[in-house]
K.L.:
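One structure follows; several queries about it will come next.
Values below: every heavy atom of this structure, side chains too, minus hydrogens, waters and symmetry copies.
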Amino acid sequence: MNLEIAKNKINTAARVAVLTGAGISAESGIPTFRDAQTGYWARFSPHELASPVAYEKNAELVWQWYAERFITCQTAQPNAAHTALAALEQRTALTVVTQNVDQLHQRAGSQNVLELHGNITTARCEKCSHVQALSPDFVPPPICQKCASRMRPNVVWFGELLPRAILEQAWKTFEQCEVALVIGTSSLVEPAASLGRIAKESGALLIEVNPEVTPLSKYADLRVSSSAIKGLGALLGEYSR
Ligand SMILES: [Zn+2]
């Protein structure tokens with residue numbers, strides 16, 4: 001399939017499902033989890049910073065890591081790929097399913113966003129599960145406004161299950177779409193690995209935007225071998241202006 005036909009399909013599709021991963025945020029200057037582990041943080045494995053066991057062992061350290069990441073995300077700005085998706089949502093029924101926790105899709109104007117891994121801009125009460133936004137100058141750990149208990153980062157850690165309701169909505173979104181766009185994810189971990197394939201098996205057109213070949217690539221009707229900004233610029237054309 002060529003780019004022009006794909007553009008036309010996106011343009012006329014009643015339902016578009018989008019999956020985004022770290023690649024789209026990297027172009028806003030947000031390093032991947034591993035790439036952010038420089039300096040002091042280089043000595044820790046990801047499991048020592050982002051797992052229930054790590055938090056139990058040293059909540060202060062885990063919060064310190066997340067407080068830094070929070071600032072990085074707050075300082076970053078949505079890029080042209082984020083805004084192109086938000087603009088397309090004005091024209092068609094579009095849902096973004098994201099592995100990212102930075103909320104750049106929402107800040108670009110996307111309304112229908114399913115966060116598979118939670119988000120870094122909020123905290124969740126360890127006791128009553130109340131979720132509240134972090135203020136830019138918060139001192140970790142935040143304290144729950146409802147019950148005064150300690151709060152944890154509102155993200156999914158290694159060894160934790162993804163939020164079930166979100167996951168079910170994500171499956172449904174990809175099963176029912178006419179066009180599936182998978183952008184900037186290595187498609188190695190579930191459910192990211194399967195969502196595009198499910199769409200394809202349900203009869204959707206599957207487009208992958210990624211500079212690297214991934215396990216999903218062989219199922220794609222069209223592979224756009226470039227970064228998110230460049231790839232979406234080519235695919236969405238007028239929408240990205
Ligand atoms: Zn609480």
Side-chain angles (χ1 to χ4, degrees), residues 1 3-28 30 77-119 121 162-163 165-185 187 191-210 214 216 219-224 226-241:
M1 170 164 296
L3 195 68
E4 285 311 311
I5 297 174
K7 279 172 83 165
N8 191 45
K9 289 265 189 188
I10 295 171
N11 203 6
T12 54
R15 281 186 298 277
V16 177
V18 180
L19 174 67
T20 63
I24 193 169
S25 294
E27 288 187 278
S28 282
I30 297 179
Q77 296 300 323
N79 63 50
H82 294 106
T83 52
L85 291 171
L88 183 62
E89 192 183 325
Q90 301 290 319
R91 305 276 302 262
T92 186
L94 181 145
T95 302
V96 176
V97 178
T98 187
Q99 296 172 289
N100 301 333
V101 296
D102 49 50
Q103 291 223 315
L104 289 181
H105 285 297
Q106 291 93 330
R107 282 172 55 201
S110 287
Q111 306 276 324
N112 299 319
V113 182
L114 299 174
E115 296 172 316
L116 290 173
H117 295 161
N119 76 71
T121 65
L162 301 187
I166 303 276
L167 195 52
E168 282 172 4
Q169 276 178 275
W171 281 113
K172 203 189 270 182
T173 298
F174 274 79
E175 264 168 13
Q176 296 177 347
C177 70
E178 289 173 29
V179 174
L181 276 166
V182 178
I183 304 161
T185 167
S187 294
S194 299
L195 286 171
R197 207 156 39 78
I198 290 298
K200 169 85 177 174
E201 283 165 7
S202 307
L205 180 77
L206 175 61
I207 301 169
E208 181 183 53
V209 179
N210 201 313
T214 76
L216 185 71
Y219 302 102
D221 295 292
L222 177 70
R223 241 191 71 70
V224 180
S226 61
S227 72
I229 292 178
K230 212 170 147 207
L232 284 183
L235 276 170
L236 303 181
E238 67 263 42
Y239 298 119
S240 49
R241 277 188 215 130

K.L.:
Leu205 versus Ile5: any side-chain heavy-atom pair under 4.5 Å?
P.N.:
no
K.L.:
Find the distance between NZ (Lys172) and OG1 (Thr95) and round it off to the nearest 0.5 Å.
P.N.:
11.0 Å
K.L.:
Sequence neighbours left out, what passes side-chain hydrogen bond (donor to acceptor under 3.5 Å, both in side chains) with Ser227? Give chain and number order.
P.N.:
Glu27
K.L.:
Please report the C-alpha distance between Leu206 and Leu216 in whole Å, then the side-chain angles of each, then the deciding distance to 0.1 Å, and finally whether the side chain to side chain contact (heavy atoms under 4.5 Å, CB included) criterion is met.
P.N.:
CA-CA 10 Å; Leu206 175 61; Leu216 185 71; 4.1 Å; yes
K.L.:
First locate atom CG of Leu104, then atom OG1 of Thr98, and finally report the distance between them rounded to the nearest 0.5 Å.
P.N.:
9.0 Å
K.L.:
Judged by atom type as modelled, is there a donor-acceptor pair below 3.5 Å linking the side chain of Ser28 to the main-chain atoms of Ile30?
P.N.:
no
K.L.:
Going from CH2 on Trp171 to CG on Leu114, what distance comes out if it is rounded to the nearest 0.5 angstrom?
P.N.:
13.5 Å
K.L.:
Say you draw a straight line from CG of Leu236 to CD1 of Ile10; how long is it, rounded to the nearest 0.5 Å?
P.N.:
5.5 Å
K.L.:
Please list, chain by chain and in numerical order, all residues satisfying side-chain contact (heavy atoms from CB on, under 4.5 Å) with Thr185, sequence neighbours excluded.
P.N.:
Leu19, Gln99, Val182, Ser187, Ala192
K.L.:
For Gln111, is there any backbone N or O sitting under 3.5 Å from a side-chain donor or acceptor partner on Glu89?
P.N.:
yes
K.L.:
Can you name the closest pair of heavy atoms from Leu235 and Lys7 and give their distance?
P.N.:
O-CG, 3.0 Å
K.L.:
Evaluate whether atom NZ of Lys200 has more than 12 neighbouring non-hydrogen atoms of other residues, nucleotides or ligands under 6.0 angstrom away.
P.N.:
yes
K.L.:
Is the closest side-chain heavy-atom distance between Phe174 and Ser202 below 4.5 Å?
P.N.:
no
K.L.:
Taking the side chain as every heavy atom from C-beta outward, state whether Val97 and Leu116 have any pair of such atoms under 4.5 Å apart.
P.N.:
yes
K.L.:
Could you go step by step and tell me if Leu162 and His117 meet the side chain to side chain contact (heavy atoms under 4.5 Å, CB included) rule?
P.N.:
CA-CA 7 Å; Leu162 301 187; His117 295 161; 3.5 Å; yes
K.L.:
For the backbone of Asn210 and the side chain of Arg223, can you confirm whether one donor and one acceptor N or O come within less than 3.5 Å of each other?
P.N.:
yes
K.L.:
Does the Asn79 side chain pair with the main chain of His82, one donor and one acceptor, at a distance under 3.5 Å?
P.N.:
yes
K.L.:
Is any side-chain heavy atom of Leu85 closer than 4.5 Å to one of Ile24?
P.N.:
yes
K.L.:
Within the side chain of Thr92, is there an N or O that forms a donor-acceptor pair under 3.5 Å with the backbone of Ala13?
P.N.:
yes
K.L.:
As a quick check of understanding, evaluate side chain to side chain contact (heavy atoms under 4.5 Å, CB included) for Arg91 and Asn11, giving each step before the final call.
P.N.:
CA-CA 8 Å; Arg91 305 276 302 262; Asn11 203 6; 3.9 Å; yes
K.L.:
Taking all non-hydrogen atoms of both residues, which atom of Cys177 and which atom of Ala199 are closest, and how far apart?
P.N.:
SG-CB, 3.9 Å
K.L.:
Taking only Lys NZ, Arg NE, NH1 and NH2, and the carboxylate oxygens of Asp or Glu, determine whether Arg197 and Glu201 approach each other closer than 4.0 Å.
P.N.:
yes
K.L.:
Locate the shortest heavy-atom distance separating Leu195 from Ala170; write the atom from each residue and the value.
P.N.:
CD2-O, 3.8 Å
K.L.:
Run Asp221 and Ile207 through side chain to side chain contact (heavy atoms under 4.5 Å, CB included) and show every step you take.
P.N.:
CA-CA 6 Å; Asp221 295 292; Ile207 301 169; 5.7 Å; no
K.L.:
Short question: side chain of Asn119, backbone of Asp102 - any donor-acceptor pair under 3.5 Å?
P.N.:
no
K.L.:
Identify the heavy atoms of Gly118 and Val101 that sit nearest to each other, and give their distance.
P.N.:
O-CG1, 3.5 Å
K.L.:
When you measure from the side chain of Ser226 to the backbone N and O of Gly231, does any donor-acceptor pair fall under 3.5 Å?
P.N.:
yes
K.L.:
Roughly how far apart are Ser25 OG and Gln103 CD, rounded to 0.5 Å?
P.N.:
11.5 Å
K.L.:
What are the two closest non-hydrogen atoms of Ala228 and Val209, and how far apart are they?
P.N.:
CA-CG1, 4.1 Å
